[in-house]
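Single-structure report; data block below.
In the text below, chain A, chain B and the rest are named by the order of the sequence lines, each starting its count at 1. Predicted model only: the values in this text are computed from it and were never measured.
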Amino acid sequence: MTTKSNVRVRFAPSPTGALHIGGVRTALFNWLYARHNNGTFILRIEDTDQTRSTDESIKIILDGMKWLGLDWNEGPFRQTERLDIYRAHIDTLLKEGRAYYCYCTPEELDARRKEAMAAGRPPKYDRKCRSLTAPIEGRTPAVRFLSADEGQTIVRDLIRGAVTFENQQLDDLIIQRSDGLPTYNFAVVVDDVTMDITHVIRGDDHLNNTPRQIQLYQALGFEPPKFAHLPMILGSDKTKLSKRHGATAVTEYIDLGYLPEALVNYIARLGWSHGDQEIFSLQELIDAFTLESVGKAPSVFNQEKCVWLNHHYIQQADPGRLAGLVLDLLKKDGVLKQGSEPDLEWFKKLVKILTERSHTLVEMKNAAIPFLVDDIQLDEKAKTKHLTPDVAPLLIELATKLKTVEPFTHTEIEPIFNALVAEKGIKLGKIAQPVRVALTGGTVSPGIYEVIEVMGKEKTIKRIEAAAAGIK
RNA sequence: GGUCCCAUCGUCUAGCGGCCUAGGACGCUGGCCUCUCACGCCGGAGACACGGGUUCGAUUCCCGUUGGGACCA
């Protein structure tokens, strides 16, 4: 119905491990920007670091993107399939005298760097090979970009405004390693140019690379794209989010029982806001998202709020969908054997009564277990507190009465309890809690009538009688 | 060490010179509801890093200090 705008953005992860929270945020903001502007979202795999890149990681990233619902219009492209393109551009720069061969070894560079620092000079490349007129035999050179050493390079960032860098601070960066592969800073520039990227939206950690990249665009004869550098996501100790801060990979959130819409909503609100609104559907995010409302300050990832959103989205979710997800978890845990699935309609009823107090799918799965297994283990403390000698006759009487209930539903069960309570002059809790322990093994569960209904007549009576019999 | 960025409750944030005795959300907390736990509802504690300017007036603009972060090495 709408034609595509000329906005073209990309998410360009390195396949060196998991898809982590920071990557998701970058991907999400690019995706939202593309969708908001009817643009094109491109996925590019930056795998020139062949020692660390794996196909397994690529799969993890693609799966993660799909789980989150971040679909791409073009790609995935892989840099390793584009090596000839980089080489051609390197040759051009070399031919035009905008780049030169550098024969310095890492050891030499390191030594000179230390020397410079010891002498109080800035540790930048000394341009030793810049004046070389002939190759050094026996060495394979790297290629360095001949950067400007006067004036300034100004990054006009959509989030931070104009950021000025003194060109003399920038040294001649390596654009092709001695193994013939392009470096990150060079490959991104060539890729973004050849893929017609209009807006580079990426993490703050790349801001310092940007002036060099701008010079590369200029040397290559291209107009640089617009830049937007997103603030970092930090851990609770305000350092860059990493493994020691807990779950950082998308796969971990899947395993923890999160819904994708919860994670997306949470991450969208990290560094971005829209008035006082906290809950956003995907469409609302697309409609409201602009780079102007992205903040500049880094933000700390807060597990509690993410859980709160997950709880919210679990309440909103379709019971059939939840049932399927919880069923999968139960199978994964071996609680349910293959081919022994419960009746789906019944299971949906179970899911419905568990939803309200489940913050994650894992919690829901755990709460479902007593309803599925044949025998339950009673919690010792709960047993001591509620299954006392005086309640044994009550339980037996209740079980007897329940046997006559037909149909075995909430509305039919409730009067039985009310009658018993009135007859004995006790509080409802006096009987409800022991029954809860008898049926679920613990002191926490949905409303007791709902539990009984879903548990079913046979199991309910069996467990109440067993509990009564077990009281000494 | 150099360069760059950033700075409102514990956390995410609203605020784009007067509407602010600073609003919302998570978390924490008091109460209500109640068969447990939750949910829900009502209430509470809780922040403009500091110092200078600019201005009739600064959370908001400028400078510095401090603090944090990132990158390069």
Side-chain angles (χ1 to χ4, degrees), chain A residues 22 106 109-110 112-114 116-125 153 155 157 159-171 173 184-185 203-212 229-241 265-279 292-312 314-315 353-359 363 367 382 385-386 413-414 417-418 420-421 426-437 439-440 442-452:
Chain A
L109 291 172
D110 197 44
R112 296 217 295 275
R113 199 177 297 127
K114 285 194 177 124
M117 276 169 75
R121 298 194 306 271
K124 58 181 253 188
Y125 181 62
T153 300
V155 179
D157 192 274
I159 293 171
R160 305 188 182 252
V163 182
T164 305
F165 294 84
E166 295 296 330
N167 286 342
Q168 58 169 340
Q169 297 291 343
L170 278 23
D171 57 359
L173 86 156
Y184 164 78
N185 278 304
D204 215 355
D205 43 347
H206 292 293
L207 183 56
N208 279 308
N209 285 329
T210 310
R212 306 157 185 279
H229 287 93
L230 272 16
M232 300 274 87
I233 296 177
L234 310 177
S236 48
D237 61 354
K238 306 220 176 192
T239 62
K240 202 174 175 180
L241 195 64
N265 193 151
Y266 178 70
I267 289 175
R269 280 285 288 98
L270 227 41
W272 175 84
S273 60
H274 187 64
D276 282 342
Q277 192 172 346
E278 296 285 350
I279 308 287
E292 289 73 56
S293 40
V294 174
K296 297 179 186 180
S299 34
V300 174
F301 191 91
N302 182 256
Q303 207 77 290
E304 280 80 39
K305 190 158 182 180
C306 194
V307 167
W308 172 74
L309 275 164
N310 202 45
H311 178 262
H312 169 83
I314 285 176
Q315 309 316 304
I353 69 167
L354 297 178
T355 296
E356 199 167 83
R357 63 217 80 213
S358 298
H359 291 84
E363 278 184 19
K385 183 164 182 202
H386 296 291
I413 293 159
E414 186 169 353
F417 275 75
N418 290 339
L420 189 66
V421 163
I426 54 172
K427 284 191 172 179
L428 183 55
K430 185 67 188 168
I431 183 69
Q433 276 304 81
V435 171
R436 175 168 283 117
V437 174
L439 297 182
T440 67
T443 56
V444 174
S445 84
I448 196 66
Y449 312 125
E450 295 165 304
V451 169
I452 291 172

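Looking at A/Arg160 and A/Leu207, their side chains come closer than 4.5 Å, going by heavy atoms from C-beta outward. Between A/Pro231 and A/Leu270 there is no side-chain heavy-atom pair separated by less than 4.5 Å. Taking the side chain as every heavy atom from C-beta outward, A/Leu170 and A/Pro211 approach each other to under 4.5 Å. Within the 4.5 Å cutoff, the side chain of A/Lys385 has no heavy atoms near those of the A/Thr443 side chain.
Across every strand in view, B/C50 sits in a pair with B/G64 that passes the Watson-Crick or G-U test at under 3.5 angstrom. Base pairing of B/C19 is not made with any nucleotide, judged by Watson-Crick or G-U wobble geometry with both donor-acceptor distances under 3.5 Å. Across the strands present, B/G30 finds its partner in B/C42; the criterion is a Watson-Crick or G-U wobble pair with both atom distances under 3.5 angstrom. Base pairing analysis places B/G2 opposite B/C71; the two distances defining the Watson-Crick or G-U wobble pair are each below 3.5 Å.
Nucleotides B/U29 and B/C9 place their C1' atoms 15 Å apart, quoted to the nearest Å. Nucleotides B/G18 and B/C61 are separated by 12 Å at their P atoms, to the nearest Å. Rounded to the nearest Å, the gap between the C1' atom of B/A47 and that of B/C28 is 16 Å. The gap from the C1' atom of B/G44 to that of B/G2 amounts to 49 Å, rounded to the nearest Å. B/U8 sits 10 Å from B/A49 when the C1' atoms are compared, rounded to a whole Å. Separation of the C1' atoms belonging to B/U11 and B/U54 is 34 Å when rounded to the nearest angstrom. Comparing B/U55 with B/G69, their C1' atoms are spaced 33 Å from each other, to the whole Å. Going from the C1' atom of B/G27 to that of B/C16 covers 29 Å, rounded to whole Å.
The main-chain N or O of A/Gln303 is never found under 3.5 Å from a side-chain atom of A/Tyr266 such that the two would form a donor-acceptor pair. Without hydrogens or angle criteria, A/Arg269 side chain to A/Gln277 main chain gives a donor-acceptor distance under 3.5 Å.
Per the geometry, CG belonging to A/Asp171 stands 8 Å off C1' belonging to B/C72, to the nearest Å. Put simply, CG on A/Leu241 is 13 Å from C1' on B/G69, counting in whole angstrom units. Put simply, CG on A/Asn209 is 9 Å from C1' on B/C72, counting in whole angstrom units. To the nearest angstrom, C1' of B/C37 lies 13 Å from CD1 of A/Ile353. The nearest whole Å value for the distance from the CG atom in A/Asn310 to the C1' atom in B/A25 is 16 Å. Following rounding to the nearest Å, A/Leu309 (CG) and B/C26 (P) show an atom-to-atom distance of 9 Å. Counting to the nearest Å, the C1' atom of B/C72 and the CG atom of A/Asn208 are 7 Å from each other. Atom pair A/Gln277:CD and B/G15:P shows a separation of 14 Å (rounding to whole Å applied).
The side-chain hydrogen bond (donor to acceptor under 3.5 Å, both in side chains) check on A/Glu450 picks up nothing, with sequence neighbours excluded.
The residue A/Phe417 sits apart from the nucleic acid: no heavy atom pair falls under 4.0 Å. Residue contacts shown for A/Glu356 include a base, since a base heavy atom lies under 4.0 Å away.
Taking the six-membered ring for Trp and the full ring otherwise, the centers of A/His206 and A/Tyr184 sit less than 6.0 Å from each other.
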**Report entry** Test log, rule side chain to side chain contact (heavy atoms under 4.5 Å, CB included), inputs A/His359 and A/Asn310
**Finding:** CA-CA 6 Å; A/His359 291 84; A/Asn310 202 45; 5.8 Å; no
Report task. Test side chain to side chain contact (heavy atoms under 4.5 Å, CB included) on A/Thr210 and A/His229 and set out the steps. Result -> CA-CA 10 Å; A/Thr210 310; A/His229 287 93; 3.1 Å; yes
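In the set B/A38, B/A70, B/C71, the nucleotide with an atom closest to the side chain of A/Arg357 is B/A38.
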Taking N or O atoms only and anything under 3.5 Å, show me the protein contacts with nucleotides 32-35 of chain B, one pair per line.
unit_1	atom_1	unit_2	atom_2	d
B/C35	O2	A/Arg436	NH1	3.2
B/C35	O2	A/Arg436	NH2	2.7
B/C35	N3	A/Ile448	N	3.2

Query raised in the report: For nucleotides 5-14 of chain B, read 5' to 3', which letter fits each nucleotide if B means a protein heavy atom sits under 4.0 Å from the base, S means only the sugar-phosphate is that close, and - means neither?
Result: SSS---SBSS
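Across all non-hydrogen atoms, the minimal contact from A/His386 to A/Pro434 is O-CG, 3.5 Å.
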